[in-house]
**Student:** 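One structure follows; several queries about it will come next.
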Amino acid sequence: MSYDHKSIEKKWQDKWDKEELYKTDDLSKKPKYYCLDMFPYPSGAGLHVGHPEGYTATDIVSRYKRMNGFEVLHPMGWDAFGLPAENYAIKTGVPPEKSTRDNIKTFKRQIKSLGLSYDWSREFATCDLDYYKWTQWFFLLFYKKGLAYRKEAKVNWCESCKTVLANEQVIDDHCERCNNQVVQKNLKQWFFKTTAYADRLVDDLEKIDFPEKLKLMQKNWIGRKEWIDITYPLKDLDREIVVSTTRPDTNFGATFVVIAPENELLNAQDDFVPKEQREEVDAYINEALKKTELERVSEGRKKSGVFTGRYAVNKLNNTKLPIYVADFVLNTVGTGMVVGVPGHDMRDFEFAKACDLPIKRVVVGPDGDTTDITDAHQVQEDAGTMINSDFLDGLEISVAISKMMDYLEEKGWGKRTIRYHLRDWLISRQRYWGTPIPIVYCDECGELPLSTDELPVVLPTDVDFKPTGESPLKGSKTFHEVTCPKCGKSGEGVKRESDTLDTFVCSSWYFFRYLDSKNEQEFCSKEKIQKWMPVDLYVGGAEHAVGHLIYSRFFTKVLYDEGLCGVDEPFKRLINQGLIMAEDGRKMSKSLGNVINPDEVVYEYGADTMRMYEMFMGPLEDSKPWDTKGIMGIKRFLDKVWGIAEKKDLEDNESEKSLEKVLIKTIKKVTEDIESLSLNTAISAMMIFLNAFQKSEAADKKSFETFLLILSPFAPHLTEEIWEKLGHKNSIFKESWPQYNEALLVEDQMEIPIQINGKVRGTIMVASDSTEEDIIALAKEVKNVQKFIEGKEIKKTIYVEGRLLNFVVI
RNA sequence: GGGAGUGUGGCGGAAUGGUAUACGCGUUGGACUUAAAAUCCAAUGGUCUUAUGACCUUGAGGGUUCGAGUCCCUCCACUCCCACCA
């Protein structure tokens with residue numbers, strides 16, 4: 001018996017809206033629960049089936065928490081600035097503002113069709129003027145605290161499109177749009193000093209409930225390690241160089257030093273490179289700098305380099321190390337120089353082979369090999385015993401590392417330092433569709449921040465989106481009408497910053513704005529922060545592991561230090577939902593034509609079926625393939641529920657004992673499963689109950705109503721409709737979550753499997769209060785058991801209370 | 001190259017070290033129907049067996065344990081993240 005999902009779902013969505021059923025009360029005395037989804041980027045493609053997965057999970061938790069007496073904050077908004085809208089504008093001429101607003105409309109309609117219990121009164125988009133005003137305010141806060149600064153950095157540049165490219169627009173070193181080769185260009189750019197918080201970002205991971213996998217990703221990304229800066233005197237020049245390493249243990253095996261082509265030591269003004277080598281070195285550097293990082297890596301790891309003409313002295317053994325310049329060394333790592341130990345580092349080995357440099361063994365091979373290293377397979381990197389290394393001989397590598405560090409520090413030749421893989425966050429973009437940066441440049445006074453009462457800096461509309469090679473805001477006439485905050489001059493010589501902010505800046509604080517989205521005086525009032533932070537549950541994709549989730553933590557820590565927020569971690573618990581794959585097991589993509597449109601599923605089967613199907617597919621965190629046939633299983637389940645409500649013979653009689661037990665088990669299982677977000681097994685449990693209910697001779701109204709309550713967070717429309725049909729005046733969501741009495745689960749009989757040597761040979765039914773002796777005696781009478789113990793010695797008997805009995809025989 | 005994870009029926013998946021395959025899909029048979037769909041009932045890991053039952057089975061191989069899908073070791077396959085990071 002199929003129910004009319006279209007009219008039922010529409011009816012309740014309208015009613016919930018009208019009655020503002022999900023509006024959150026800031027003044028409520030109930031305990032708070034902040035349940036948050038990662039807000040979507042409203043793309044032109046519309047909602048994807050991946051979105052409802054996370055949204056349904058948080059919706060179930062929100063409804064469940066409300067029924068458990070919590071005041072729940074469950075908001076939604078739009079991550080609205082970004083590149084796709086700008087690209088669309090370049091292609092079609094439609095302004096980003098227009099296409100973005102249209103997309104938001106579509107997204108909102110689609111999300112609403114799923115019956116999600118958001119408090120829409122708090123909605124905002126990051127491109128709203130009164131949102132990005134506060135994003136600018138955050139920039140000024142960071143600037144004031146010395147956490148925002150400007151320096152030269154490389155950008156990807158496409159000569160034919162005359163534009164800067166984001167990393168994701170560079171495909172295999174070529175421009176996504178025109179396929180032209182991408183080059184690197186230096187520009188002055190803005191940074192946030194995330195590195196200042198590196199330690200706390202690592203250490204505080206212990207305080208929060210994130211997936212271990214994600215914590216590890218963040219740890220590795222921040223990459224805190226102990227290094228040692230070693231000083232090397234130069235030969236024939238009264239100077240020293242500092243080379244940093246995490247592996248000083250192999251330093252007796254050093255045969256050369258390599259320096260990155262970008263390194264400033266190699267500048268023409270510096271006397272580091274002797275005259276006779278100048279030409280050759282410059283030629284090499286020019287070639288190297290033309291290549292992008294990607295190109296440098298992708299050349300099959302072929303090594304090249306030239307001798308600089310200079311030598312460093314290894315004080316450990318007074319050997320001369322020739323200094324080379326080579327592009328496999330990265331200037332951003334350590335001090336931009338590497339000591340080459342070709343015997344025990346693959347890259348150094350390849351380089352030594354390429355430049356015909358000597359190779360020295362200082363670690364014994366795994367098979368006791370102590371011969372000369374001539375072949376790549378002999379190169380050993382991270383384990384083994386030291387040899388040819390003076391005081392380190394015989395030590396394991398791990399021990400040798402700290403011993404060598406101690407020695408170098410004692411001698412005053414080196415100094416331990418903590419270094420990080422994390423770099424400062426490059427936040428400026430040479431783009432139009434983003435938050436303008438509130439900085440003014442004056443010919444007289446230089447770089448100046450605006451004061452906060454001059455905000456917002458409004459994004460102008462008199463802009464040509466077609467790329468010209470410069471930030472689009474540069475060409476606006478109105479935008480640069482500004483007076484210098486210091487000398488008051490205006491006109492020529494006073495200009496605004498024309499870069500915009502990375503959209504990740506906008507999304508680093510949006511979870512604060514929901515708390516107080518209409519506040520015109522502050523980004524959020526202190527009382528509201530005090531009341532609602534931290535977010536109790538945050539659900540979203542794993543792709544934000546080392547981006548958004550680090551930036552948001554960084555922002556919150558800055559606010560904490562500024563005394564504006566009482567907690568220094570924004571998210572108490574985080575869950576990553578897995579990808580939903582296409583039916584063919586591949587990723588859904590437009591080009592493969594295997595995309596499932598949620599609108600069609602909702603239209604055909606209803607929102608409740610769609611919601612429950614996505615929850616039933618498998619564990620929330622796993623990636624799993626879509627199966628259109630599988631939807632029918634859920635559809636049948638909901639139709640059955642409807643069918644029961646339609647039947648007139650639902651009586652107020654006493655429920656059967658056995659059915660009552662199944663119900664208690666179901667409440668317990670669903671309650672625990674929602675808490676742990678194991679929603680697939682919660683649904684199985686409800687199916688088991690429904691099967692039992694249908695089979696039961698005395699299926700009663702009371703049990704059915706209790707079942708509706710636990711089903712309601714999953715299938716809100718259907719349960720609400722049935723609730724009303726059964727004569728209730730108030731919304732089912734105003735009811736309390738059912739409690740269960742576990743004591744009623746105690747059975748007077750229990751089934752005990754009998755094992756012989758761990759193999760089940762029979763089962764017995766015994767009274768629940770039977771003693772071990774009783775059970776053993778009964779077990780020995782089972783025919784099949786006797787067959788296996790006859791004529792054998794029972795060596796040992798194991799009884800696990802209420803679980804099983806095992807005879808060990810020989 | 002580094003790090004993390006995953007391997008269970010035809011498929012998605014379930015199992016605090018204690019009766020592996022719950023729940024759903026699919027398939028097969030049956031009921032209802034002139035017929036089909038829908039619905040309902042039954043069966044459904046494999047091999048052997050008349051039945052009772054026996055043997056095998058959680059990627060492969062070993063180990064610990066009275067007992068292993070679960071813990072340990074070796075190997076194989078796949079997935080994700082990072083990556084010339086010194």
Side-chain angles (χ1 to χ4, degrees), chain A residues 1-2 211-217 219-221 223 225 227 243-248 250 258 260 293 296-303 326-330 332-341 344-348 350-351 381-382 419-421 542-543 545-546 576 578-579 583 585 612-613 616-619 621-634 636-637 639-640 643 678 680-691 694 751-763 783-784 787 794-809:
Chain A
M1 200 183 311
S2 194
E212 281 309 313
K213 181 184 154 161
L214 192 140
K215 286 190 186 182
L216 198 69
M217 267 162 85
K219 247 182 225 172
N220 290 341
W221 183 254
K225 271 194 214 154
W227 294 55
V243 183
S244 198
T245 182
T246 58
R247 292 292 307 278
T250 54
V258 196
E293 298 246 343
R296 273 160 73 168
V297 175
S298 66
E299 277 177 355
R301 298 170 72 98
K302 243 183 240 146
K303 298 291 181 288
D327 64 6
F328 78 91
V329 176
L330 304 175
T332 49
V333 177
T335 56
M337 290 176 248
V338 174
V339 172
V341 183
H344 307 287
D345 181 288
M346 196 48 81
R347 294 155 302 181
D348 295 351
E350 288 160 357
F351 186 72
E381 310 209 33
D382 38 53
R419 286 180 190 275
Y420 305 87
H421 172 241
E543 67 273 20
V546 294
N576 289 128
L579 272 186
E583 302 214 59
M612 283 192 84
Y613 172 63
F616 187 60
M617 289 171 80
E621 309 204 52
D622 290 4
S623 83
K624 51 234 164 221
W626 186 268
D627 177 17
T628 299
K629 284 204 205 106
I631 298 174
M632 281 315 296
I634 295 291
R636 279 179 201 134
F637 169 75
D639 281 344
K640 274 185 219 169
S678 312
N680 54 330
T681 50
I683 294 172
S684 315
M686 290 190 280
M687 287 173 166
I688 291 170
F689 171 81
L690 194 72
N691 291 341
Q694 284 198 306
E751 193 192 37
I752 300 289
I754 316 298
Q755 298 186 337
I756 317 286
N757 291 342
K759 274 196 158 77
V760 179
R761 297 300 178 183
T763 58
K783 226 165 89 190
N784 201 42
K787 206 165 91 188
I794 296 180
K795 227 178 88 185
K796 205 167 164 186
T797 304
I798 293 137
Y799 175 61
V800 184
E801 179 91 48
R803 295 304 297 251
L804 67 92
L805 179 70
N806 187 17
F807 293 119
V808 184
V809 302

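Naming: A, B, ... by sequence-line order, numbering from 1 per chain.
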**Student:** With nearest nucleotides of RNA chain B determined for Gly758(A) and Thr245(A) from heavy-atom distances, which residue corresponds to the more 5′ nucleotide?
**Tutor:** Gly758(A)
**Student:** Does G9(B) adopt a syn or an anti glycosidic conformation, taking syn as a chi angle within 90° of 0?
**Tutor:** syn
**Student:** Determine the Euclidean distance between corresponding C1' atoms of U27(B) and G45(B); express it in Å to zero decimal places.
**Tutor:** 14 Å
**Student:** Report which part of the nucleic acid Val333(A) touches: base, sugar-phosphate, or nothing (heavy-atom distance under 4.0 Å, all strands).
**Tutor:** base
**Student:** Take atom CD of Glu212(A) and atom P of G3(B), then tell me their distance rounded to the nearest Å.
**Tutor:** 18 Å
**Student:** Can you tell me the Watson-Crick or wobble partner of A77(B), both distances under 3.5 angstrom?
**Tutor:** U6(B)
**Student:** G26(B), OP1 or OP2 - any side-chain N/O from Lys629(A) closer than 4.0 Å?
**Tutor:** no
**Student:** Hey, does the side-chain of Arg247(A) have a donor or acceptor N/O within less than 3.5 Å of a partner on the base of A86(B)?
**Tutor:** no
**Student:** Counting only Watson-Crick or G-U wobble pairs whose two distances fall under 3.5 Å, which nucleotide matches U39(B)?
**Tutor:** A31(B)
**Student:** So do Tyr613(A) and Trp626(A) actually touch side chain to side chain, heavy atoms under 4.5 Å?
**Tutor:** yes
**Student:** Looking at every strand, decide which applies to Leu216(A) at a 4.0 Å heavy-atom threshold: base, sugar-phosphate, or nothing.
**Tutor:** sugar-phosphate
**Student:** Do the side chains of Val258(A) and Phe328(A) get nearer than 4.5 Å, heavy atoms only?
**Tutor:** yes
**Student:** Rounded to whole angstrom, note down the P distance from C71(B) over to U8(B).
**Tutor:** 16 Å
**Student:** Taking OP1 and OP2 of U65(B), is either one under 4.0 Å from a side-chain nitrogen or oxygen of Asn806(A)?
**Tutor:** no
**Student:** Should the pair Lys629(A)-Asp627(A) be classified as a salt bridge under the 4.0 Å nitrogen-to-oxygen rule?
**Tutor:** no
**Student:** Between the side-chain atoms of Lys303(A) and the base atoms of C84(B), is any donor-acceptor pair under 3.5 Å?
**Tutor:** yes
**Student:** Protein-nucleotides 51-54 of chain B N/O pairs closer than 3.5 Å?
**Tutor:**
| unit_1 | atom_1 | unit_2 | atom_2 | d |
| --- | --- | --- | --- | --- |
| A54(B) | OP1 | Arg761(A) | NH1 | 3.2 |
| A54(B) | OP1 | Asn784(A) | ND2 | 3.2 |

**Student:** Can you check the Lys215(A) NZ to A4(B) C1' distance for me, whole Å?
**Tutor:** 15 Å
**Student:** Need the pair for U64(B). Rule: Watson-Crick or G-U wobble, both distances under 3.5 Å, any strand; none if unpaired.
**Tutor:** none
**Student:** Check Trp227(A) against Gly334(A) and note the closest heavy-atom contact, atom names and distance.
**Tutor:** CZ3-CA, 4.0 Å
**Student:** At under 4.0 Å between heavy atoms, what does Lys225(A) touch on the DNA or RNA strands: base, sugar-phosphate, or nothing?
**Tutor:** sugar-phosphate
**Student:** If you compare all heavy atoms of Val809(A) against all heavy atoms of Asn757(A), which two are closest, and at what distance to 0.1 Å?
**Tutor:** N-OD1, 3.0 Å
**Student:** Mind checking if Glu751(A) touches a base, just sugar-phosphate, or nothing, with heavy atoms under 4.0 Å?
**Tutor:** base
**Student:** How far does NZ of Lys302(A) sit from CG of Asp327(A), to the nearest 0.5 angstrom?
**Tutor:** 12.5 Å
**Student:** State, to 0.1 Å, how close Asn576(A) and Leu214(A) come at their nearest heavy-atom pair, and which atoms those are.
**Tutor:** OD1-CD1, 3.1 Å
**Student:** Distance check, rounded to the nearest 0.5 Å: Ile798(A) atom CD1 versus Arg803(A) atom CZ?
**Tutor:** 15.0 Å
**Student:** With both distances under 3.5 Å as the test, what is the Watson-Crick or G-U wobble partner of G26(B)?
**Tutor:** U44(B)
**Student:** Quick one: does Ile794(A)'s side chain get under 4.5 Å of Val808(A)'s, heavy atoms only?
**Tutor:** no
**Student:** Under 4.0 Å: is that the gap between some side-chain N or O of Lys759(A) and OP1 or OP2 of C56(B)?
**Tutor:** yes
**Student:** With a cut-off of less than 4.0 Å, is there a side-chain N or O of Lys302(A) near OP1 or OP2 of C84(B)?
**Tutor:** no
**Student:** So, does Arg419(A) get its side chain near the phosphate of C85(B), meaning an N or O under 4.0 Å from OP1 or OP2?
**Tutor:** no
**Student:** Classify the nucleic acid contact of Ile688(A) as base, sugar-phosphate or nothing, counting any heavy atom under 4.0 Å across all strands shown.
**Tutor:** sugar-phosphate
**Student:** If the P atom of G18(B) is compared with that of G67(B), how far apart are they to the nearest Å?
**Tutor:** 14 Å
**Student:** Nearest whole Å is fine: how far is C23(B) P from Gln694(A) CD?
**Tutor:** 14 Å
**Student:** Specify the separation, in whole Å, of atom CZ of Phe328(A) and atom P of C84(B).
**Tutor:** 13 Å
**Student:** Take atom CE of Met686(A) and atom P of G24(B), then tell me their distance rounded to the nearest Å.
**Tutor:** 13 Å
**Student:** Between A14(B) and G29(B), how far apart are the two P atoms, rounded to whole Å?
**Tutor:** 31 Å
**Student:** Would you kindly give the CD-to-P distance between Glu543(A) and C82(B), to the nearest whole Å?
**Tutor:** 11 Å
**Student:** Give the rounded distance in Å between these two atoms: CG of Asp639(A) and C1' of A37(B).
**Tutor:** 14 Å
**Student:** How far apart are the closest heavy atoms of Asn784(A) and Arg761(A), and which atoms are they?
**Tutor:** ND2-O, 2.8 Å
**Student:** Does OP1 or OP2 of C40(B) have a side-chain N or O of Arg636(A) closer than 4.0 Å?
**Tutor:** no
**Student:** C40(B), U19(B), C81(B): which one has an atom nearest the side-chain heavy atoms of Met217(A)?
**Tutor:** C81(B)
**Student:** Would you indicate which nucleotide in G18(B), C84(B), C23(B) comes nearest to any side-chain atom of Leu330(A)?
**Tutor:** C84(B)
**Student:** Could you grab the distance from atom NZ of Lys219(A) to atom CD of Glu212(A), nearest 0.5 Å is fine?
**Tutor:** 7.5 Å
**Student:** Kindly compute the distance separating OG1 (Thr335(A)) from CZ (Arg419(A)), expressed to the nearest 0.5 Å.
**Tutor:** 6.5 Å
**Student:** Should Met687(A) and Ile634(A) count as side-chain neighbours, where that means a heavy-atom distance under 4.5 Å?
**Tutor:** yes
**Student:** Between A60(B) and U70(B), how many Å separate the two P atoms, rounded to a whole number?
**Tutor:** 11 Å
**Student:** Find the partner of A20(B): check Watson-Crick (N1-N3 plus N6-O4 or O6-N4) and G-U wobble (N1-O2, O6-N3) distances, both under 3.5 Å, and reply none if neither fits.
**Tutor:** none
**Student:** Start at the 5' end of RNA chain B and walk down; is the nucleotide closest to Gly334(A) or to Ile631(A) reached first?
**Tutor:** Ile631(A)
**Student:** Provide the distance between the two P atoms, one in C55(B) and one in A42(B), to the nearest whole Å.
**Tutor:** 30 Å
**Student:** Which whole number of Å gives the distance between the P atom of A77(B) and that of U28(B)?
**Tutor:** 37 Å
**Student:** Polar atoms only, N or O, under 3.5 Å: list the protein pairs with nucleotides 9-17 of chain B and their distances.
**Tutor:**
| unit_1 | atom_1 | unit_2 | atom_2 | d |
| --- | --- | --- | --- | --- |
| G12(B) | O2' | Met617(A) | O | 2.7 |
| A14(B) | OP1 | Asn680(A) | ND2 | 3.0 |
| U16(B) | O4 | Arg803(A) | NH1 | 2.8 |

**Student:** With a 3.5 Å limit on both atom pairs, tell me what U70(B) is paired to, counting Watson-Crick and G-U wobble, or say none.
**Tutor:** none
**Student:** Taking the same atom, C1', in G5(B) and in G9(B), what whole-Å distance lies between them?
**Tutor:** 24 Å
**Student:** Measure OH/Tyr799(A) against C1'/C66(B) and give the value in whole Å, please.
**Tutor:** 16 Å
